[in-house]
Amino acid sequence: MPELPEVETVRRTLAHLVIGETITMVDVFFAKIIKKPNDVDQFKQALVGQTIRALKRKGKFLMIELDDYDLISHLRMEGKYTVEEARMPVDKHTHIIFGFKSGKTLRYHDVRKFGTMHLFGKGEAADALPLRQVGYDLYLDQIDEDWVFEKITASTRAIKNILLDQTIVAGLGNIYVDETLFKSKIHPLTKGLTLSKVEVLRILDMAKLTIDEAVKQGGTSIRSYVDAKGDMGMFQQTLHAYGQTGEPCSVCEHPIEKMKLSGRGTHFCPVCQKEKNDSVRS
DNA sequence: CTTATCGCCTGAAGGC
DNA sequence: TGCCTTCAGGCGATAA
C-alpha cells in the first residue's frame, strides 16, 4: 500500500518514462477519482496540449507538473501507474489513460478505486486542500522538532494514530508506523501526552531511518505494490513487526503480537514495547 | 476546537 | 461447489 517510500519509488521510475511527453488525449473510465475540477470534461480539455515537465512528491502525494497545471495524485491503497503503447489492451482496473503524442500512454490503475486526482493551476496547489494540510515530509523536510513535540504531547490519542495523521509528519502508513514504533520501543497505544521529549525525538529518528532505508530498497511489496516499471520493492525482507505475527522478535525472540487499533492491524513486541502507565511521563 | 466512526471499493481467504 | 463474512487500510466527511 503506497506510503512515502513507495510513492517516492514510483516518482523516480515514472519520471524517466514520462518527462517531456505531451498529452494529446485523456480517457476517464471512472470519474469519481477526479476530485477537481468537478467536471471531467474540463479535466480532459485542460490537459490536452500540456507537456509533463517534472514529477515531485509531498508526503504520499505525487505531483505531476505540467506547463500550466499541477496534477496532484494520491494512490491510496492500490493505485499504480504504467506506461504502455497505445495499442496495448486496457485491463478492467485501468481508470484513466493519458495519451501522448509519441504514441505511448500513461495509465492509472486502481483495483479499489480509492485513489484521487486534483488538477490545479500552476502554483495553486500548495495553499489548497489536500496539500495545504500535509505536515513535514519525513524524507525531504527539515523538521521543527519542538513543534512536533508540542503537537504530539497536546494529544490524548494513541501515538500510532498521531503518526498516521498526515498533518504533523507526513509519509507514514500502517506498515512504517509499526516498524517505527518497534524500533523506538514504544507501545502503539501510548498516549501522545505521556511521551517525553527524548521519546518523541527517538520516534522521529526511527521514522526517518525506516523511511530512508525503505526508499533505498525501492519500497515494500506487501499485497500488490509494484513501481512504474512493474518491479517489486525489497523492504519486506527487512520488516521487524508488520506482518510478523507469531515470528520471534528480532531483539528478544518473544513472538510478535497483533492487535486491532482503530480498525487497523497493529503489530508489536509486547516485551520490547511495554505499555506504560498513562499518568507517568518517563 | 478535538477525537471517533463511517463509507468508499474490490478481491483474497476462511468458515461451514 | 458456493455462499457468506472478514480483512486489507488511507482519508474525507460526518457525528459527537
Side-chain angles (χ1 to χ4, degrees), chain A residues 1-8 10 28-38 57-63 72-81 90-96 108-118 120 125 128-135 137-138 150-181 188-195 207 211 214 219-226 233 236 239 241-246 257-268 278:
Chain A
M1 44 230 80
E3 304 175 33
L4 190 158
E6 290 75 37
V7 179
E8 176 63 15
V10 169
V28 176
F29 306 116
F30 188 75
K32 287 177 76 172
I33 288 170
I34 315 297
K35 301 297 182 186
K36 185 179 185 301
N38 285 328
R57 182 190 56 73
K58 184 167 177 65
K60 301 176 193 173
F61 288 93
L62 183 67
M63 303 186 281
I72 310 302
S73 170
H74 198 303
L75 306 175
R76 292 287 179 97
M77 301 303 301
E78 310 223 18
K80 290 173 193 51
Y81 283 102
V90 179
D91 79 61
K92 63 184 285 200
H93 299 303
T94 298
H95 306 306
I96 299 172
Y108 179 73
H109 313 255
D110 192 342
V111 170
R112 308 272 293 272
K113 300 178 174 173
F114 280 3
T116 62
M117 292 188 194
H118 293 75
F120 287 95
L129 293 175
L131 285 189
R132 187 179 66 207
Q133 59 181 19
V134 177
D137 186 280
L138 282 164
E150 293 304 321
K151 293 292 281 187
I152 288 177
T153 54
S155 174
T156 60
R157 304 162 77 194
I159 184 60
K160 171 157 179 173
N161 287 335
I162 296 174
L163 293 174
L164 286 171
D165 177 346
Q166 303 295 300
T167 68
I168 303 173
V169 291
L172 297 175
N174 206 41
I175 296 173
Y176 297 114
V177 164
D178 283 0
E179 294 302 300
T180 294
L181 291 175
L189 284 172
T190 309
K191 293 184 187 314
L193 80 175
T194 70
L195 290 166
I211 291 287
T220 302
S221 287
I222 297 284
R223 304 174 64 79
S224 63
Y225 165 76
V226 290
Q236 60 276 15
L239 296 175
Y242 185 89
Q244 306 305 302
T245 313
E257 290 184 9
K258 181 176 181 180
M259 62 183 285
K260 277 274 186 192
L261 200 170
S262 301
R264 292 181 166 90
T266 298
H267 313 74
F268 66 104
D278 283 355

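Computed over heavy atoms, backbone and side chain alike; hydrogens, waters and symmetry mates excluded. Keep in mind it's a predicted model, so treat the numbers as computed, not measured. Convention: sequence-line order gives letters A, B, ...; per-chain numbering from 1.
Projected onto DNA chain B by closest heavy-atom contact, A:Arg76 and A:Lys92 fall at different nucleotides, the more 5' of which corresponds to A:Arg76.
One atom, NZ of A:Lys32, and another, P of C:dA13, lie 13 Å apart when rounded to the nearest Å. The CG atom of A:Leu172 sits 10 Å away from the P atom of C:dG10 (whole-angstrom rounding). Rounded to whole Å, the distance from NE2 on A:His109 to C1' on B:dC9 is 17 Å. One can place CG of A:Asp165 at 12 Å from P of C:dG10, the figure rounded to the nearest angstrom. Atom CG of A:Leu62 is separated from atom C1' of C:dG10 by 16 Å (rounded to the nearest Å).
Checked by distance alone, A:Arg157 brings no side-chain donor or acceptor within 3.5 Å of a matching partner on the base of B:dA4.
For A:Arg112, whose side chain is taken as the heavy atoms from C-beta onward, the closest listed nucleotide among C:dC7, B:dG11, B:dC9 is B:dC9. With distances taken from any side-chain atom of A:Val111 to the nucleotides B:dC9, B:dT10, C:dG10, the minimum falls on B:dT10. Across B:dC8, C:dC11, C:dG12, the shortest atom-to-atom separation from the side chain of A:His74 is found for C:dC11.
For A:Lys258, a side-chain nitrogen or oxygen approaches OP1 or OP2 of C:dA8 to under 4.0 Å.
In this structure, A:Phe114 packs face-to-face on the six-membered ring of B:dC8, meeting both the 5.5 Å centre cutoff and the 30° plane limit.
Stem analysis of DNA chain B (at least three stacked-register Watson-Crick or G-U pairs, each with both distances under 3.5 Å) gives B:2-8 with C:10-16, B:10-16 with C:2-8.
Among the protein residues, A:Leu129 comes within range of no part of the nucleic acid, since none of its heavy atoms lies under 4.0 Å from any strand. Across all strands, A:Lys35 comes closer than 4.0 Å to no nucleic acid atom at all (heavy-atom distances). Nucleic acid contact class of A:Ser262 (heavy atoms, under 4.0 Å, all strands): none. Note on A:Thr156: only backbone sugar-phosphate atoms sit closer than 4.0 angstrom, heavy atoms only; bases stay farther off.
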Side chain to side chain contact (heavy atoms under 4.5 Å, CB included) between A:Ile72 and A:Phe120: does it pass, once the steps are laid out? CA-CA 8 Å; A:Ile72 310 302; A:Phe120 287 95; 3.8 Å; yes

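For the 3.5 Å distance criterion, the side chains of A:Ser73 and A:Tyr108 fail to qualify, holding no donor opposite an acceptor.
Residues A:Val28 and A:Ile33 have side chains not in contact (no heavy-atom distance under 4.5 Å, counting atoms from C-beta outward). Between A:Gln133 and A:Gln166 there is no side-chain heavy-atom pair separated by less than 4.5 Å. For the pair A:Tyr176 and A:Thr220, the minimum side-chain heavy-atom distance is below 4.5 Å.
Paired with A:Asp165 under the rule side-chain hydrogen bond (donor to acceptor under 3.5 Å, both in side chains), one option of A:Arg157, A:Lys151, A:Lys160 passes, and it is A:Arg157.
Between the NE2 atom in A:His267 and the CG atom in A:Asn174 there is a gap of 7.5 Å [rounded to 0.5 Å].
Nucleotides B:dC9 and C:dT14 place their P atoms 15 Å apart, quoted to the nearest Å. Here, B:dT3 and C:dG9 have their P atoms 23 Å apart, quoted to the whole Å. Atom P of C:dC11 sits at a distance of 24 Å from the matching atom of B:dA12, rounded to the whole Å.
Salt-bridge check for A:Asp110 with A:Arg76: failed, with every basic side-chain N at 4.0 Å or more from each acidic carboxylate O.
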